[in-house]
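Values in this document were obtained by computation on a predicted structure and should not be read as measured data. Whatever order the structure lists them in is the order used to number ligands and atoms, beginning at 1.
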Amino acid sequence: MKVELRSIHKYFGPVHANNNISLTILPGTIQGIVGENGAGKSTLMKILSGFIQADEGEILLDDQVITIHSPSDALKRGIGMLHQDPLDFPPMKVIDNLLIGQEGGLFPNKRKVAADIKKLANQFGFSIDTEAYVEGLTVGERQQLEIIRLLWMGARILILDEPTTGISASQKEKLFETLTRLASEGMIVIFVSHKLEEIETLCHRAAVFRGGLLVGEAIQPYHTDDLVRLMFGKPMELGSRLGCHSEENVVEIHNLEIEDPRLHIRDVDLDVKAGEVIGLAGMEGSGQRLFLRALGGLLATTGRTKLLVKGHDLTHEPYSSYLKTGVAYVPADRMEEGLIPGLTLKEHFILTGDTKKLFIDQEESLHRTKVKISEFNIKGRPDSYVEELSGGNQQRALLALLNEPLSLVLLEHPSRGLDLESTIWLWEKLKERCKTGTAVIFISSDLEQILHYSDRILVFFGGKVSKPMLAAETNVDQLGQLIGGKGFVN
Ligand SMILES: Nc1ncnc2c1ncn2[C@@H]1O[C@H](COP(=O)(O)OP(=O)(O)OP(=O)(O)O)[C@@H](O)[C@H]1O
């Protein structure tokens with residue numbers, strides 16, 4: 001099946017999210033879609049998969065103009081989109097998730113469906129237990145389930161939007177193998193990502209988006225510098241580590257202990273200096289998130305734990321004491337925990353502003369919001385609802401909402417969903433904070449980033465915590481070995 005997009009336009013109010021996009025994708029192709037945050041990638045994918053409609057332009061399948069009214073309409077024509085957060089019902093069994101919305105009357109043939117799914121999964125070396133509950137599956141397993149579901153429903157064109165977020169290296173390898181195999185069987189795979197190395201490894205072709213325009217196409221073998229220049233209109237360089245020179249302790253952790261139904265973290269001692277950056281590495285679920293949440297006052301510690309921030313003993317104190325001491329937490333799930341859907345940017349600034357006043361000063365709030373939008377370069381207006389912002393702009397908004405001054409900023413996957421320019425920008429902003437004595441502790445699955453920006457690194461494995469390592473004296477291989485549990489001494 002061949003796909004052709006002709007002169008697609010899409011507006012969101014004044015934003016021209018897709019500006020005259022034309023793209024042809026031939027059968028058997030893995031087509032990469034890259035571009036900076038807010039470039040219009042997801043918008044185009046949502047148009048192709050029926051979630052939204054274009055304002056102008058045509059979609060052709062095998063030279064026939066078609067109209068796609070809804071995702072189920074798209075799927076009927078063989079176009080399936082796999083979302084970052086799979087659209088399933090976690091408290092239900094795999095088989096029941098598969099049967100939802102299927103034709104088959106009151107008594108669908110569960111046994112046949114289960115057998116068909118198993119057969120399909122086997123072809124790709126996936127093992128899917130149709131009787132398992134979805135909530136017990138890892139992100140990678142849910143993704144495999146979603147691919148199999150789409151194939152089972154007849155998808156011949158598979159769209160994946162940032163699919164490698166939150167999956168392990170081996171799951172990624174398996175995903176890439178599967179996608180390569182699907183393409184070799186004549187299917188089209190459309191792969192949206194910020195990660196250039198992924199595009200370069202996997203995709204036969206790459207279309208580069210910038211500011212709503214398709215600014216260029218590249219084919220293998222790629223030249224990274226050319227792709228970066230196309231994406232951002234200029235070359236990019238990662239900033240460097242600031243290097244912490246302070247002797248003052250901002251955070252003192254003694255005998256930290258956290259009990260969780262699955263993990264037990266104990267006996268962690270750590271002093272964090274003013275302006276220091278500590279990176280936390282480890283496979284998802286190894287304890288680093290529990291550790292970070294405990295430091296943010298979001299999770300109770302147990303045992304003999306003592307936790308001091310700027311000399312204040314915060315052990316067993318409520319979350320409000322952490323806030324008062326200047327501890328800020330930036331979650332990975334921006335829309336669930338960070339921002340409030342249904343509220344505008346201005347309303348967010350009102351909520352995080354001076355809450356002691358009896359009345360809201362609308363003029364002052366509007367002014368403050370405009371200043372922050374400009375300072376943090378957020379592509380949005382004071383009256384934009386936060387859910388309308390692109391992922392990168394939501395992250396900018398979260399940072400803009402942090403109060404000043406701060407003693408400690410805790411961040412989960414701060415660059416998740418961010419393009420290279422935004423990642424560099426984010427670290428510039430964090431380094432400005434470090435210069436004023438704020439300590440930063442962050443989790444990332446991007447080892448290069450951990451090595452590049454941390455002063456010291458802690459690795460987590462099954463609840464065990466390594467001794468702090470100097471980032472300048474550590475390399476990716478050493479980190480990789482520790483993350484896999486090799487050489488753990490603690
Ligand atoms: N539902 C919406 N309402 C208003 N504006 C929107 C909506 N969806 C997207 N936009 C705007 O359209 C532009 C393109 O957004 P889009 O999500 O397509 O970008 P993207 O390239 O996928 O970005 P990212 O990589 O950050 O996810 C952005 O300026 C975004 O704020």
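Of all heavy-atom pairs spanning S444 and I450, the tightest one is O-CD1, 3.4 Å. Counting all heavy atoms, side chain and backbone alike, N377 lies closest to N393 at O-OD1, 3.9 Å.
Considering backbone and side-chain atoms alike, A39 places an N or O below 3.5 Å from some N or O of ligand 1. Residue-to-ligand polar distances place G38 within reach of ligand 1: an N/O pair is separated by less than 3.5 Å. Checked against a 3.5 angstrom limit, the closest N/O atoms of H194 and ligand 1 fall inside it. For ligand 1, none of its N or O atoms has an N or O atom of F12 under 3.5 Å away.
K174 forms no cation-pi arrangement with F176, by the criterion of a distance under 6.0 Å to the ring centre and an angle within 45° of the ring axis. Stacking of K372 on the aromatic ring of F349 is not recorded, the 6.0 Å distance cut-off and the 45° axial limit not both being met.
Look at E36 and you'll find a heavy atom under 4.0 Å from some atom of ligand 1.
Ring-plane geometry between W427 and Y453 is classed as parallel, the angle between the planes falling under 30 degrees on a 0 to 90 degree scale with a further cut at 60.
Here T43 has heavy atoms under 4.0 Å from ligand 1 in both its backbone and its side chain.
Atom 17 (O) of ligand 1 has its nearest heavy-atom neighbour, among S193, G380, S42, A17, in S42.
Ring centroid separation for the pair Y329 and Y319 does not come in under the 6.0 Å cut-off.
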